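Numbers for residues simply follow the sequence, beginning at 1. Not measured: the values here are computed from a predicted model.
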Amino acid sequence: FHSGRTRRLVQEEGLRTIAAVPLTNNGEPFGVLAVASHHNREWSSRDQRMLLSISQKVGQAIANSKKFSEVEEQAQTWETNYVTLQQANAQLTARANALEQQVEELRRVEQQIWIALAASSKARYNTQGENEQYEDLVTTLKKALNAMSKERAQLLH
């Protein structure tokens, strides 16, 4: 602890003996674990092994904690995405129901047009002047039917 700030702290605390070992994760150092005493002390090889073992466990615990935080954050993201997907699904379901109602309405109108066409076919046998009006009506109704069929096909796809 030869740097200024740390050295001052050691002196202010009155520490006499300090042992420090690196904290590592997969061989990569990311911090320091230090123990100190207010008395002069000789660190035995047993003390050194114990401190190294403790530093490995602390390093592993810190790395596991970071991994847990990352996994927890990822899980939160997935939950948020799931809620978003549920909302989108609800909107799509509502739209599908609305489209289904529109298709049903188109089918009802289509049936009415076919009924009108059938009635106009029977009316063809009327007089010549009226026959031309009915022919125009039939042509118009057929065009409307074709347009509705195309629109229904687009709604279904």
Counterpart residues, side chain to side chain donor-acceptor pair (under 3.5 Å), relative to E13 (two or more places apart) = none

Check: residues 17-28 side-chain donor-acceptor pairs under 3.5 Å, at least two apart:
from: T17; atom 1: OG1; to: H39; atom 2: O; distance (Å): 2.8
from: T17; atom 1: OG1; to: R41; atom 2: N; distance (Å): 2.8

request  = For T77, check side chain to side chain donor-acceptor pair (under 3.5 Å) against everything at least two apart and list the hits.
outcome  = none

key: Sidechain-backbone polar pair: T84 side chain, T80 backbone, donor-acceptor under 3.5 Å   = yes

message = Hydrophobic cluster membership, with links at side-chain heavy-atom distances under 4.5 Å among I/L/V/M/F/W/Y: are V32 and L9 in one?
response = no

query = Under a single-linkage definition using a 4.5 Å side-chain heavy-atom cutoff for Ile, Leu, Val, Met, Phe, Trp and Tyr, are V58 and M50 assigned to the same hydrophobic cluster?
reply = yes

key: Over 12 foreign heavy atoms within 6.0 Å of CZ, R108   = yes

ask   = Any side-chain heavy-atom pair from E70 and E73 closer than 4.5 angstrom?
value = no

Solution key, residues 92-101 side-chain donor-acceptor pairs under 3.5 Å, sequence neighbours excluded:
from: T93; atom 1: OG1; to: N89; atom 2: O; distance (Å): 2.8
from: N97; atom 1: ND2; to: T93; atom 2: O; distance (Å): 3.3

inquiry  = Please check this pair: side chain of N81 against backbone of W78, looking for a donor-acceptor N/O pair closer than 3.5 Å.
reply    = no

remark   = Contacts satisfying side-chain hydrogen bond (donor to acceptor under 3.5 Å, both in side chains) that involve residues 55-68 (not counting sequence neighbours) are none

request  = Identify whether L15 and W43 are in the same connected component of the hydrophobic contact network (ILVMFWY, side-chain heavy atoms under 4.5 Å).
outcome  = no

inquiry  = So, taking the atom named CG in D47 and the one named CG in L52, what distance separates them when rounded to the nearest 0.5 Å?
reply    = 11.0 Å

request  = Could I get the full list of side chain to side chain donor-acceptor pair (under 3.5 Å) partners for Q48, not counting sequence neighbours?
outcome  = none

